[in-house]
Amino acid sequence: QVLLVESGGGSVQAGGSLRLSCARSGDTNGYYYYMGWFRQAPGKEREGVAAINAGGGFTIYADSVRGRFTISQAKNTLYLEMNNLKPEDTAMYYCAANRAATFRSVGRAHLQAQNYVYWGQGTQVTVSS
């Protein structure tokens with residue numbers, strides 16, 4: 001069973017920065033995973049923010065965060081660097097993972113929640129104006 005644990009959320013003022021982390025553990029078979037960050041604000045649907053392929057060489061971003069957020073990974077930890085934060089970025093942020101058969105690139109489908117099997121418990125990000 002794959003376990004995902006997020007950290008790094010908090011409260012910042014608009015224009016500030018945060019770095020989220022997601023530690024992946026529990027896989028003893030050496031599978032590869034593509035991973036993503038999602039967010040959900042109260043009363044809204046879960047939204048795909050960014051995704052990265054198993055090899056880490058390909059990424060995709062939602063239009064709302066492109067140029068401000070950067071997804072990356074190192075070994076079994078996924079990161080989301082968030083700069084120039086806006087009040088509309090306020091949400092619970094979740095990391096997600098699914099087994100990857102190859103190192104192929106990620107696309108729009110990887111920003112859709114139904115394409116992920118494993119989910120973390122979430123970390124809250126609050127941006128005040």
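FYI, side chains are in, hydrogens and waters are out, and symmetry mates aren't considered; it's all heavy atoms of this structure. The chain is numbered in sequence order, starting from 1.
The two residues Ser129 and Pro87 make their nearest non-hydrogen contact at CB-CG, 3.9 Å. Here the closest non-hydrogen pair linking Phe38 and Ala113 is CE2-N, 3.5 Å. For the pair Lys44 and Gln40, the tightest heavy-atom approach, listed with the atom from each and the gap, is O-NE2, 3.1 Å. Scanning both residues, Leu80 and Ala50, for their nearest heavy atoms gives CD1-CB, 4.3 Å. Nearest heavy-atom pair across Leu85 and Leu18 is CD1-N, 3.8 Å. The two residues Val117 and Trp119 have their closest heavy-atom pair at O-CD1, 3.7 Å.
More than 12 heavy atoms of other residues, nucleotides or ligands lie within 6.0 Å of CZ in Phe103, so this atom counts as buried by the packing criterion. Atom CZ of Arg104 sits in a sparse spot, with 12 or fewer heavy atoms from other residues, nucleotides or ligands closer than 6.0 Å.
Ring centers of Tyr61 and Phe69: at least 6.0 Å apart, outside the cut-off.
Between Met82 and Val12, every side-chain heavy-atom pair lies at or beyond the 4.5 Å cut-off. Here the side chains of Ser64 and Glu47 are in contact, with some heavy-atom distance below 4.5 Å.
Ile71 and Met92 end up in different hydrophobic clusters when Ile, Leu, Val, Met, Phe, Trp and Tyr side chains are linked at under 4.5 Å. Val125 and Trp37 fall within the same hydrophobic cluster, where Ile, Leu, Val, Met, Phe, Trp and Tyr residues are linked whenever their side-chain heavy atoms come under 4.5 Å apart, directly or through other members. In the hydrophobic cluster analysis, where Ile, Leu, Val, Met, Phe, Trp and Tyr join through side-chain heavy atoms closer than 4.5 angstrom, Tyr33 is grouped together with Ile52. One hydrophobic cluster holds both Val49 and Leu78 under the rule that ILVMFWY side chains link at heavy-atom gaps under 4.5 Å. Leu20 and Tyr118 fall within a single hydrophobic cluster, where Ile, Leu, Val, Met, Phe, Trp and Tyr side chains are chained together by heavy-atom contacts under 4.5 Å.
Looking at Tyr116, its side chain does come within 3.5 Å of a backbone N or O of His110 through a donor-acceptor pair. Remark: side-chain polar atoms of Gln73 are paired, donor with acceptor, to backbone N or O of Ala54 under 3.5 angstrom. Between the side chain of Thr77 and the main chain of Ala23, no donor-acceptor pair closer than 3.5 Å is present.
With Tyr93 as the fixed residue, the side chain to side chain donor-acceptor pair (under 3.5 Å) test singles out one of Gln124, Glu6, Arg39: Arg39.
We find the CG-OG1 distance between Asn53 and Thr59 to be 8.5 Å, quoted to the nearest 0.5 Å.
A salt bridge does not link Asp89 to Lys86: none of the charged nitrogens lies less than 4.0 Å from a carboxylate oxygen.
No side-chain N or O of Tyr34 forms a donor-acceptor pair with one of Asn115 less than 3.5 Å apart.
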